[in-house]
Engineer: 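Sharing a structure below in structure tokens format, with a few things to ask.
Chain A is the first sequence line, chain B the second, and so forth, proteins listed ahead of strands; every chain is numbered from 1.
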Amino acid sequence: MLWTHTFIPTLKESPAEAEIASHKLLLRAGLIRKLTGGLYTFLPMGVRVLRKVEKIVREEMNRAGALEVLMPALQPPEIWEKSGRYTTASEVLFKLRDRARKEWLLGPTHEEVITTLVAGEISSYRQLPRNFYQIQTKFRDEIRPRFGLMRAKEFIMKDAYSFDTTDEKAQVSYQKMHDAYTRIFARCGIKAFPVEADTGVIGGKFSHEFMVPAETGENDVVYCDGCRYAANIEKAGSAGPLTATHTAPDDAALEKFPTPGVVTIDALAGAPHFVPAERQLKSLVYLADGKLILVLLRGDDQLNEAKLVAALGTAQVRPATPEEIFPALGAHPGSLGAVGVKNLPVYADPTLANATAMTTGANEDGVHYCNISVARDVQVTQWIDVRTVRAGEACAKCGQPLKIQRAIEVGHIFKLGTKYSEKLEALFLDETGKQQPAVMGCYGIGITRTLQAIIEQSHDKDGIIWPVSVAPYAVCLTPLSITPGGPVMVLAEKLHAELEAAGIDVILDDRDERPGVKFKDSELVGFPIRVGIGEKSLAKGEVELKPRGGTLTAVKVEDIVARVRELVAAAA
RNA sequence: CGGGACGUAGCGUAGCUUGGUAGCGCGUCUGAAUGGGGUUCAGAAGGUCGUGAGUUCAAAUCUCACCGUCCCGACCA
């Protein structure tokens with residue numbers, strides 16, 4: 001490819017809209033342009049990288065035995081009503097109407113479609129297992145698109161769905177995808193590691209996310225160096241808080257004391273009361289499927305809403321408003337507590353199981369209780385782990401201190417079970433002639449997000465550093481003079497032809513630009529190998545080999561094609 | 001949805017407080033010089049100052065509404 005024949009609109013300065021390095025570089029290197037918030041056009045360099053990532057994904061999915069299909073992006077709402085997600089996933093659904101006023105929606109994912117397909121086509125255990133996948137544009141009405149391709153309204157995803165006859169066999173399918181994902185991300189040249197994750201609105205038994213460590217990620221991963229435990233913070237547990245809960249026997253009677261204007265944990269911890277946060281009970285009122293519930297945590301702990309949602313198994317969970325709380329408890333937020341509460345279910349974190357000498361709101365504005373023994377004074381409906389793990393807490397498995405790392409989620413695999421196959425009737429007859437729902441798994445990779453994650457993980461001050469496997473072009477030939485018929489250009493064109501013939505993606509920078517401009521651009525766009533051809537070195541029969549991020553070496557003209565082939569082969 | 005910031009040429013920005021000819025850098029075009037790290041000089045094109053309404057003799061500037069972009073939040077009472 002000739003630089004002047006393709007389209008690489010590089011920018012010296014990054015547009016003000018871009019905040020993080022990868023987003024700036026996507027724009028500056030001319031890979032994408034924004035149409036509007038959350039919607040981007042891929043330019044030639046961006047498309048080339050996209051296709052390479054897709055190719056890797058296809059090869060590994062095929063290798064793992066999955067079959068490529070292509071499902072409609074436009075979907076009828078009926079199948080979503082069947083699965084129950086028309087309601088539970090409602091906020092992310094783009095809905096539209098046709099001229100007959102019938103409603104449609106743009107698919108944010110395809111469990112409903114594939115399960116409907118399988119329901120119609122698969123009827124015997126002899127037809128299983130199957131794993132179908134596709135690479136397709138998804139649509140999600142994100143609350144807030146951000147960071148370029150990281151969170152967009154429209155994005156490209158690889159989604160796969162496995163169907164098995166038994167739970168054990170489904171586990172094998174799951175493991176195959178786990179292995180395939182590990183290979184995919186390795187081949188894309190990024191470090192991504194699996195962590196235990198919350199299944200969220202997809203549902204299912206358990207799941208793993210593949211995470212790329214990056215400070216700009218939107219997830220916190222809790223991990224242990226001691227035993228390799230790793231989990232999304234939405235799921236992670238630990239041996240408990242850093243400071244022990246007060247559990248010493250304390251027979252002091254429950255007592256009220258006035259706390260006018262004190263409505264926060266911090267305020268109660270300060271003058272004049274000086275009740276340490278860890279000796280307070282944090283009482284949160286939530287609305288779960290329309291019913292008020294009370295959630296208890298230690299004052300210094302943070303509620304993990306994902307854990308709460310998972311434990312309750314309810315679809316709609318949100319904090320209750322003061323207007324909703326007052327009639328039920330008789331006080332406003334800041335003076336709430338669980339002591340003596342019988343009209344609402346009370347969910348308490350196990351950290352508080354034997355807590356004594358605690359303080360909490362008395363359900364009377366401006367009044368708190370002290371000397372609370374949770375076991376004695378609070379009627380707990382259910383103990384559920386709902387606290388957020390903090391760095392430094394002991395690993396529940398091996399006791400080593402846990403660490404927390406920000407990360408980008410690039411893949412997510414789910415052990416679904418029979419949630420969808422039952423509702424959408426993907427049933428088969430087993431060996432004994434008995435009808436059973438297929439056991440499912442589903443497996444996603446954000447292709448466009450992966451592309452950006454690669455940049456986020458692999459760049460420097462000069463630009464992108466593409467791994468050879470996904471680079472738009474592996475080699476950039478940089479003639480320092482473009483005089484037609486001149487020795488520099490003649491050699492450049494010869495090398496271009498030879499490298500292309502060798503099956504290497506090569507671009508020839510034939511622009512009439514000064515060397516500095518060409519060097520800067522090739523580094524910004526991030527081609528892994530640059531071959532500089534100038535009169536000075538050519539006089540010595542040499543050209544310059546400059547790996548992106550490496551050092552420049554002189555190579556004999558007759559050796560350069562072989563050297564480049566070696567480098568490319570070594571990277572593959 | 002709540003809070004905040006911003007919207008001036010393709011990109012980055014000044015001007016706005018105190019209303020009066022819209023400026024700069026990069027990029028683009030023309031010419032010349034230069035030719036190994038975003039070179040230099042000369043000239044040029046390019047603007048409904050986000051949109052609409054209002055105040056005013058006069059609005060990029062003040063007021064209101066709307067639209068858009070970005071950031072934070074949307075659990076911690």
Side-chain angles (χ1 to χ4, degrees), chain A residues 9-20 23-24 27-28 30 33-39 91 141-148 151 216 218 233-234 259 261-269 277 280-288 293-309 317-326 329 331-337 349 360-361 363 365 368 386-388 390 462-463 478-483 486 488 511-524 530 532-539 543-544 546 552:
Chain A
T10 58
L11 301 170
K12 277 189 183 177
E13 292 175 289
S14 28
E17 72 202 38
E19 193 78 7
I20 66 175
H23 187 193
K24 289 179 182 171
L27 293 164
R28 287 191 58 209
R33 283 294 182 266
K34 184 174 73 173
L35 174 61
T36 184
L39 298 175
E91 310 89 68
D141 189 1
E142 291 288 348
I143 297 177
R144 179 153 79 96
R146 61 179 127 185
F147 301 146
R151 186 168 291 279
T216 52
E218 296 187 274
I233 197 155
E234 294 182 338
T259 51
V262 175
V263 294
T264 63
I265 300 282
D266 280 351
L268 195 58
Q280 299 185 41
L281 298 179
K282 181 180 282 185
S283 312
L284 306 171
V285 182
Y286 267 72
L287 207 63
I293 62 168
L294 198 48
V295 182
L296 288 196
L297 291 159
R298 222 172 72 171
D300 58 335
D301 272 340
Q302 308 291 314
L303 175 67
N304 191 323
E305 205 172 77
K307 283 186 180 179
L308 179 65
V309 172
V317 176
R318 64 161 173 86
T321 63
E323 295 71 37
E324 290 162 341
I325 294 170
F326 189 82
L329 292 175
H332 292 95
S335 301
L336 303 177
D349 190 90
T360 191
N363 288 334
D365 284 347
H368 276 71
V386 287
R387 65 182 295 275
T388 304
R390 283 200 255 191
D462 296 316
T478 309
L480 301 183
S481 145
I482 58 156
T483 310
V488 169
R511 294 177 299 169
D512 183 14
E513 289 288 353
R514 297 174 65 90
V517 173
K518 294 189 176 189
F519 293 152
K520 285 286 182 192
D521 270 348
S522 80
E523 280 155 15
L524 176 59
R530 188 178 74 215
I533 307 158
E535 283 170 4
K536 287 181 191 169
S537 49
L538 202 50
V543 293
E544 292 163 352
K546 171 76 169 61
L552 189 146

Engineer: Which part of the nucleic acid, if any, lies within contact of A:Lys34, taking any heavy atom under 4.0 Å across all strands shown: a base, the sugar-phosphate backbone alone, or nothing?
Structural biologist: sugar-phosphate
Engineer: So, A:Glu523 and A:Arg530, do they make that salt bridge, N to O below 4.0 Å?
Structural biologist: yes
Engineer: Any side-chain N or O of A:Arg146 under 4.0 Å from OP1/OP2 of B:C72?
Structural biologist: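 Answer is yes, contact under 4.0 Å.
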Engineer: With a non-hydrogen cut-off below 4.0 angstrom, is A:Arg530 in contact with a base, only sugar-phosphate, or nothing?
Structural biologist: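 Base, at least one base heavy atom under 4.0 Å.
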Engineer: With rounding to whole Å, what would you report as the distance between B:U34 and B:G23 at their P atoms?
Structural biologist: 34 Å
Engineer: Students often get this wrong, so: under 4.0 angstrom with heavy atoms, is A:Leu27 touching a base, only sugar-phosphate, or nothing?
Structural biologist: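 Touches nothing.
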Engineer: Choose from B:U69, B:C75, B:G37 the nucleotide whose nearest atom is closest to any side-chain atom of A:Tyr286.
Structural biologist: B:C75
Engineer: If I pick the P atom on B:G52 and the same atom on B:C57, what distance separates them, to the nearest angstrom?
Structural biologist: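 It comes out at 22 Å once rounded to the nearest Å.
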Engineer: Tell me whether A:Gln280 contacts the main-chain N or O of A:Ile265 through its side chain, where contact means a donor paired with an acceptor under 3.5 Å.
Structural biologist: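 A pair under 3.5 Å: yes.
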Engineer: Taking the side chain as every heavy atom from C-beta outward, state whether A:Pro9 and A:Arg33 have any pair of such atoms under 4.5 Å apart.
Structural biologist: yes
Engineer: Determine whether any donor atom in the side chain of A:Asp512 lies under 3.5 Å from an acceptor atom in the base of B:G35, or the reverse, and answer yes or no.
Structural biologist: yes
Engineer: Please round to the nearest 0.5 Å and tell me the distance separating atom CG of A:Leu296 and atom CZ of A:Arg387.
Structural biologist: 14.5 Å
Engineer: Report the distance from atom CG of A:Asp521 to atom P of B:G36, rounded to the nearest whole Å.
Structural biologist: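 The answer, rounded to whole Å, is 17 Å.
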Engineer: Is it the case that the side chain of A:Asn363 and the backbone of A:Ala331 share a donor-acceptor pair, with hydrogens and angles ignored and the cut-off at 3.5 Å?
Structural biologist: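 Such a contact is absent between A:Asn363 side chain and A:Ala331 backbone.
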Engineer: Closest nucleotide of RNA chain B for A:Lys536 versus for A:Ser335: which of these residues is on the 5' side?
Structural biologist: A:Lys536
Engineer: For A:Ala16, report the nucleic acid contact type (base, sugar-phosphate, nothing); a contact means any heavy atom under 4.0 Å.
Structural biologist: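 If one applies the 4.0 Å heavy-atom cut-off, A:Ala16 turns out to touch the sugar-phosphate alone, with no base involved.
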Engineer: What does B:C70 pair with, Watson-Crick or G-U, if both distances are under 3.5 Å?
Structural biologist: B:G4
Engineer: Without decimals, in angstroms, what is the distance between A:Asn304 CG and B:A74 P?
Structural biologist: 13 Å
Engineer: With a 3.5 angstrom cut-off on both distances, give the Watson-Crick or G-U wobble partner of B:G19, or none if there isn't one.
Structural biologist: none
Engineer: Identify whether any heavy atom of A:Val285 sits under 4.0 Å from a base atom; if not, whether one sits that close to sugar-phosphate; answer base, sugar-phosphate or nothing.
Structural biologist: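 Base, at least one base heavy atom under 4.0 Å.
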Engineer: Taking B:G47 as the reference, what is the distance to B:C11 when you measure between their C1' atoms (whole Å, please)?
Structural biologist: 15 Å
Engineer: Would you please confirm or rule out a distance under 4.0 Å between OP1 or OP2 of B:U69 and any side-chain N or O of A:Thr36?
Structural biologist: yes
Engineer: Expressed as a whole number of Å, how far does the C1' atom of B:G68 sit from that of B:A32?
Structural biologist: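 After rounding to an integer number of Å, I get 44 Å for this pair.
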Engineer: What is the separation between atom CZ on A:Arg514 and atom C1' on B:A32, rounded to the nearest whole Å?
Structural biologist: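 A:Arg514 atom CZ is separated from B:A32 atom C1' by 14 Å.
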Engineer: Quick one: A:Ile265 CD1 to B:C75 C1', roughly how many Å, whole number?
Structural biologist: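 The answer, rounded to whole Å, is 13 Å.
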Engineer: Look at all strands and tell whether A:Arg28 reaches a base, only sugar-phosphate, or nothing, counting heavy atoms closer than 4.0 Å.
Structural biologist: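 Since a base atom lies under 4.0 Å of A:Arg28, the category is base.
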Engineer: Nearest to the side chain of A:Glu13, heavy atoms from C-beta on, is which of B:G12, B:G36, B:C71?
Structural biologist: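 Looking only at side-chain atoms, A:Glu13 lies closest to B:G12.
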Engineer: Considering every strand and a 4.0 Å limit on heavy-atom distances, what is the contact class for A:Ser537: base, sugar-phosphate, or nothing?
Structural biologist: base
Engineer: What does B:G35 pair with, Watson-Crick or G-U, if both distances are under 3.5 Å?
Structural biologist: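 In the structure as shown, B:G35 has no Watson-Crick or wobble partner.
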Engineer: How long is the line joining CZ of A:Arg151 and C1' of B:C71, in whole Å?
Structural biologist: 15 Å
Engineer: Between P on B:U13 and CG on A:Leu11, what's the gap in Å once rounded to a whole number?
Structural biologist: 13 Å
Engineer: What interatomic distance, in whole Å, is found between C1' of B:G27 and the corresponding atom of B:C66?
Structural biologist: 33 Å
Engineer: Kindly say whether A:Ile233 contributes a backbone atom to a donor-acceptor pair with the side chain of A:Asn304 at under 3.5 angstrom?
Structural biologist: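 A pair under 3.5 Å: yes.
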Engineer: Would you indicate, yes or no, if B:G27 has its OP1 or OP2 atom less than 4.0 angstrom from a side-chain nitrogen or oxygen of A:Lys12?
Structural biologist: yes
Engineer: Once you apply a heavy-atom cut-off of 4.0 Å, does A:Ala320 come out as touching a base, just sugar-phosphate, or nothing?
Structural biologist: base
Engineer: With rounding to the closest Å, how many angstrom separate the C1' atoms on B:G20 and B:G15?
Structural biologist: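 That atom pair is separated by 14 Å.
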Engineer: How many Å lie between CD on A:Glu218 and P on B:A74, as a whole number?
Structural biologist: 13 Å
Engineer: Below 3.5 Å, does any donor atom in the side chain of A:Glu535 face an acceptor in the base of B:G36, or the other way round?
Structural biologist: no
Engineer: Picking from B:G37, B:U69, B:C11, which would you name as closest to the side chain of A:Glu17?
Structural biologist: B:U69
Engineer: Which part of the nucleic acid does A:Gly534 contact within heavy-atom distance under 4.0 Å: base, sugar-phosphate only, or nothing?
Structural biologist: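 Contact class for A:Gly534: base.
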Engineer: Do A:Arg144 and B:G3 share a donor-acceptor pair, side chain to base, under 3.5 Å?
Structural biologist: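 There is none.
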Engineer: Quick check: does any side chain N or O of A:Lys518 sit under 3.5 Å from a backbone N or O of A:Arg511, one acting as donor and the other as acceptor?
Structural biologist: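 Yes.
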Engineer: Starting from C1' on B:U69, measure out to CZ on A:Phe147 and report it in whole angstrom.
Structural biologist: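 Those two atoms, CZ and C1', are 14 Å apart.
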Engineer: Heavy atoms from C-beta onward define the side chain here; which of B:G38, B:C11, B:G36 lies closest to that of A:Pro15?
Structural biologist: B:C11
Engineer: Any strand counts, and the cut-off is 3.5 Å on both contacts for Watson-Crick or G-U wobble. Which nucleotide pairs with B:U56?
Structural biologist: none
Engineer: Check for a donor-acceptor pair, side chain of A:Asp349 on one end and backbone N or O of A:Leu297 on the other, with a separation under 3.5 Å.
Structural biologist: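 Between the backbone of A:Leu297 and the side chain of A:Asp349 there is no qualifying donor-acceptor contact (under 3.5 Å).
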Engineer: Contact class for A:Ser481 (heavy atom, under 4.0 Å): base, sugar-phosphate, or nothing?
Structural biologist: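 Nothing, no nucleic acid heavy atom in range.
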Engineer: Both distances below 3.5 Å, Watson-Crick or wobble geometry, any strand: find the nucleotide opposite B:A44.
Structural biologist: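 The base-pairing partner of B:A44, which may sit in any strand shown, is B:U28.
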Engineer: So does A:Gly148 get a backbone contact from the side chain of A:Lys34, meaning a donor-acceptor N/O pair under 3.5 Å?
Structural biologist: no
Engineer: In whole angstrom, give me the gap between the C1' atoms of B:U8 and B:C49.
Structural biologist: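 4 Å, rounded to whole Å.
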Engineer: Pick the nucleotide of RNA chain B nearest each of A:Glu305 and A:Glu19; which residue has the one closer to the 5' end?
Structural biologist: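 The residue mapped nearer the 5' terminus is A:Glu19.
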Engineer: Using a distance-only criterion (donor-acceptor N/O pair, under 3.5 Å, no hydrogens), is the base of B:G37 paired with the side chain of A:Glu523?
Structural biologist: yes
Engineer: Using purine N1 to pyrimidine N3 plus N6-O4 or O6-N4 for Watson-Crick, or N1-O2 and O6-N3 for G-U wobble, each under 3.5 Å, what pairs with B:C75?
Structural biologist: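 B:C75 is paired with nothing.
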Engineer: Could you check whether A:Pro515 gets within reach of a base, just the sugar-phosphate, or nothing at all, counting any heavy atom under 4.0 Å?
Structural biologist: sugar-phosphate
Engineer: Write down the distance separating the P atoms in B:C71 and B:U13, rounded off to the nearest Å.
Structural biologist: 15 Å
